[in-house]
Amino acid sequence: MVTTNSQVGYVYLIDENLRVRWGGSADATLQEAQSLESCTGVLLTRLEDKNASKKMEVQEVAPQ
């Protein structure tokens, strides 16, 4: 007798605006895993750039 798992997990990559940028379930193929890695890299770069811009704005406003 073969049974299937009734509990299925899902993974979502969400951006800073709460938009789903990647989603998946079950075992990922190599291409899907690479896509997740690439999308994660893009979002992390955006976050780092945004944080760097905020730091520069604070430094410009702060009294010397």
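Below, all heavy atoms of this structure are taken into account, side chains as well, without hydrogens, waters or symmetry copies.
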Seminar exercise, completed: Residues at least two apart in sequence or cross-chain that pass side-chain contact (heavy atoms from CB on, under 4.5 Å) with S35, listed by chain then number, are W22, C39
For this session: Tell me, please, which residues at least two apart from T45 pass side chain to side chain donor-acceptor pair (under 3.5 Å).
Result: none
Exercise. When hydrophobic residues are tied together by side-chain contacts of less than 4.5 Å, even through go-betweens, does L43 share a cluster with Y12?
Worked result: no
Exercise. Which pairs, with at least one residue in residues 18-29 and sequence neighbours excluded, count as a salt bridge (charged side-chain N to carboxylate O under 4.0 Å, His left out)?
Worked result: D15-R21
Problem set entry | Within residues 34-56 or reaching into it, pairs that qualify as salt bridge (charged side-chain N to carboxylate O under 4.0 Å, His left out) - sequence neighbours excluded | none
Exercise. Do you reckon V20 sits in the same ILVMFWY cluster as Y10, going by side-chain contacts under 4.5 Å, direct or chained?
Worked result: yes
Seminar exercise, completed: Nearest heavy-atom approach of G9 to S25 is O-CB, 3.3 Å
Exercise. In chain order, what residues pass the side chain to side chain donor-acceptor pair (under 3.5 Å) check against E32, with sequence neighbours excluded?
Worked result: T29
